2 protein chains.
Amino acid sequence: MDDRVPRPPAATLADVAAAAGVGESTVSRVLRSHGSFSPKTRERVMAAAARLGYVPNRIAGTLASSGSKLVGIVIPSLANIVFPDVLRGASQSLEADGYQPVIAVSEYDPLREEQSIAAMLAWRPAALMVAGLEHTAQARALMASSGTRIIELMDLDGPSIHLAVGYSNLEVGRASARHLLARGYRRIAYVGHDLAADTRAAKRLAGFEQVLREQGLALQDRETVAAPTSVEAGQAGLERVLARAKGVEAVYFSNDDMAFGGYFLCLSRGIVLPEKLALFGFNGLAIGRVLPQPLSTIRTPRVEIGAAAARLAVAPFTCDPPPDPRLDLGFELVPGGTA
Amino acid sequence: MDDRVPRPPAATLADVAAAAGVGESTVSRVLRSHGSFSPKTRERVMAAAARLGYVPNRIAGTLASSGSKLVGIVIPSLANIVFPDVLRGASQSLEADGYQPVIAVSEYDPLREEQSIAAMLAWRPAALMVAGLEHTAQARALMASSGTRIIELMDLDGPSIHLAVGYSNLEVGRASARHLLARGYRRIAYVGHDLAADTRAAKRLAGFEQVLREQGLALQDRETVAAPTSVEAGQAGLERVLARAKGVEAVYFSNDDMAFGGYFLCLSRGIVLPEKLALFGFNGLAIGRVLPQPLSTIRTPRVEIGAAAARLAVAPFTCDPPPDPRLDLGFELVPGGTA
DNA sequence: ATGAAAGCGCTAACAG
DNA sequence: CTGTTAGCGCTTTCAT
């Protein structure tokens, strides 16, 4: 913290070259192990670099080579473990290739997403990962014309700009409904969070209702809490459904967090699961597996999605017709014990 | 994905200048609303920029102005919600100031942390946030001599390089012990995850044992699962303690995730909380509050820590003696119902 | 195997 | 208020 003595400017590649008594381009070659140089020269350069505490300036490097090692990641939320999982997969895979993730969080706001995308693009990233397929027209235009590889995550139900990695939320909803129906539940309610912005949750619900309709059924009740997803919201939502709708046999939640809220409400009230009430979630979070009755849910390969996206982000496209623009990593229904 | 037609190179500031019929510096001034220009000129520049779909190149801008709007954030894990919370606070606050977070995850490996720090520094970030006060000697040297503002997070028990924001883990441990003692528990066990790398968990335990010792007591049993923190690990850990140590009255867990594992084990086995066994965690996660018996724990201001760190990261230091290098955001003991 | 020199796209004086 | 001119620190031809 002693800034009183103005610190000498950081060593540059030119300083290293001078100290090693070689040209700048030689230092550049040695430091990137690219091109040819004698072992002897290598020694001297490395020694000089170490001596000066040289840290290469990637900003300058990127500008000169017009090829950044930054990958932009725009996600809607960090409020539950879902996107951190995706981030984890991506960052792990990216790091292995010498890339760095730059992140932005849109809080499920399309406008903020658009601004984040614009901001990311200004860093000329090697690729841009963004959650979902729905974006403002402006954002789509920006991405489509940017020349940057765009990878859309966690949704396959719709057209993608370049590449999409994830699963079908519509199919998730359909599978969930089929499971509940197969278990004999007919009077089913839905408890979800604010759907306006979370288009993926909306698609799951759409798929769910589709299957019900196909069987001549309909949702018994439907509670949409005007708040972001949370255990509290799930609890409050179920509370309202129980107070209102009589004879509900099963509840489909917008995701596991919401379902946990419902689960603990049942526990507190002594509502026996799944006999008196069945619960079904989405995501397959770890905690659901250690509950006295494991939560019935659908597990998604979040870390794998992040990792796959990272691979696509840095992979050179060798083939002229690009690889299949859709990478379906699927999902797994976990029967559990609550439905 | 149609790359067959080689896309024209992205418009540059020079292109905009030419299109608007003004000089480059004028465009630069207008685009950054910095310096003076006539409203008329402004119009023409904005129009030209919009027409060309101009996206400024921050890489070039940074190199020219030697002031990056990137902030590096190096965290140990994304496996639970703790660091995503910090990230959320930081990204929110950073974004408001036009900064972008670049993240790296060390997986609690000091060497990977060191490499991540070096990689981040190469982007010449405005500031670097890093979790904890313990780093390799090399990493410390890198940070100390980088000329970059360093902000260490989530720990105040030890010397910081520049600034530290968080709370005292030692005090957290002490407060936890005092609480359990005050409630009359004497035969106390500890269930934790792999402590070798998680120095903050180790400090909490040290503080906890300190207080026990002051009362002439000692831990009744101590189970350290050789795995990262998780609900499963917490469950397995408590299982072993129960199988081994008889008469344990209370268990102190390394964190809430671990405690949840224990909680649900008790639920499954019909162990009445807190009469037959008391549980105490750390972090104050949301889920703990909706449990039939809210988890007794200590809540930490994670989002606030991220936000405060972001503010320090971008704040110009006006004062010569820098502000207090330690920002203690404290913690709050949540009595709950399990201890 | 190595060096010289020309940029990469922008910002920051400095003139006008 | 606006244009000209140097760089920022590196990579990349292109010679040698």
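Reminder, nothing fancy here: chain letters follow the sequence lines and each chain counts from 1. This is a predicted model, so every value here is computed, not measured. Reckoned from all heavy atoms, side chains included, excluding hydrogens, waters and symmetry mates.
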Side-chain donor/acceptor contact of [X] with base of [N] under 3.5 Å:
| X | N | value |
| --- | --- | --- |
| Arg29(B) | dG3(D) | yes |
| Ser25(A) | dA4(C) | yes |
| Arg58(A) | dG9(D) | no |

Taking the side chain of [X] as heavy atoms from C-beta outward, which of [options] is closest to it?
| X | options | result |
| --- | --- | --- |
| Thr41(B) | dT12(D), dC8(D), dC1(D) | dC1(D) |
| Leu63(A) | dT11(C), dC10(D), dG9(C) | dG9(C) |
| Ala60(B) | dG9(C), dT12(D), dG3(D) | dG9(C) |
| Leu13(A) | dA12(C), dC10(D), dC10(C) | dC10(D) |
| Arg32(B) | dC10(D), dA12(C), dT2(D) | dA12(C) |

Would you check if there is a donor-acceptor pair between the side chains of His135(A) and Glu114(A) at a distance under 3.5 Å?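 Distance-only check fails for Glu114(A) and His135(A).
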Between Glu152(A) and His162(A), does any side-chain donor sit less than 3.5 Å from a side-chain acceptor? no
Output the rounded distance in Å from [atom1] ([X]) to [atom2] ([N]).
| X | N | atom1 | atom2 | result |
| --- | --- | --- | --- | --- |
| Lys69(B) | dC8(D) | NZ | P | 22 Å |
| Asn57(B) | dG9(C) | CG | P | 7 Å |
| His34(B) | dA13(C) | NE2 | P | 9 Å |
| Glu24(A) | dC8(D) | CD | P | 11 Å |

Any base atoms under 4.0 Å from Ser36(A), or only sugar-phosphate, or nothing? Heavy atoms, all strands.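 Result for Ser36(A) = base.
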Does a side-chain N or O of Ser38(A) approach OP1 or OP2 of dT2(C) to a distance below 4.0 Å, or not? yes
For a side-chain contact (heavy atoms from CB on, under 4.5 Å) check, start with the C-alpha distance between Val74(B) and Met120(B), then their side-chain angles and the critical distance, and finish with the verdict. CA-CA 8 Å; Val74(B) 181; Met120(B) 305 263 43; 3.9 Å; yes
Salt-bridge test for Arg112(A) and Glu95(B): reply yes if a basic N is under 4.0 Å from a carboxylate O, no otherwise.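 Result for this pair is yes, salt bridge flagged.
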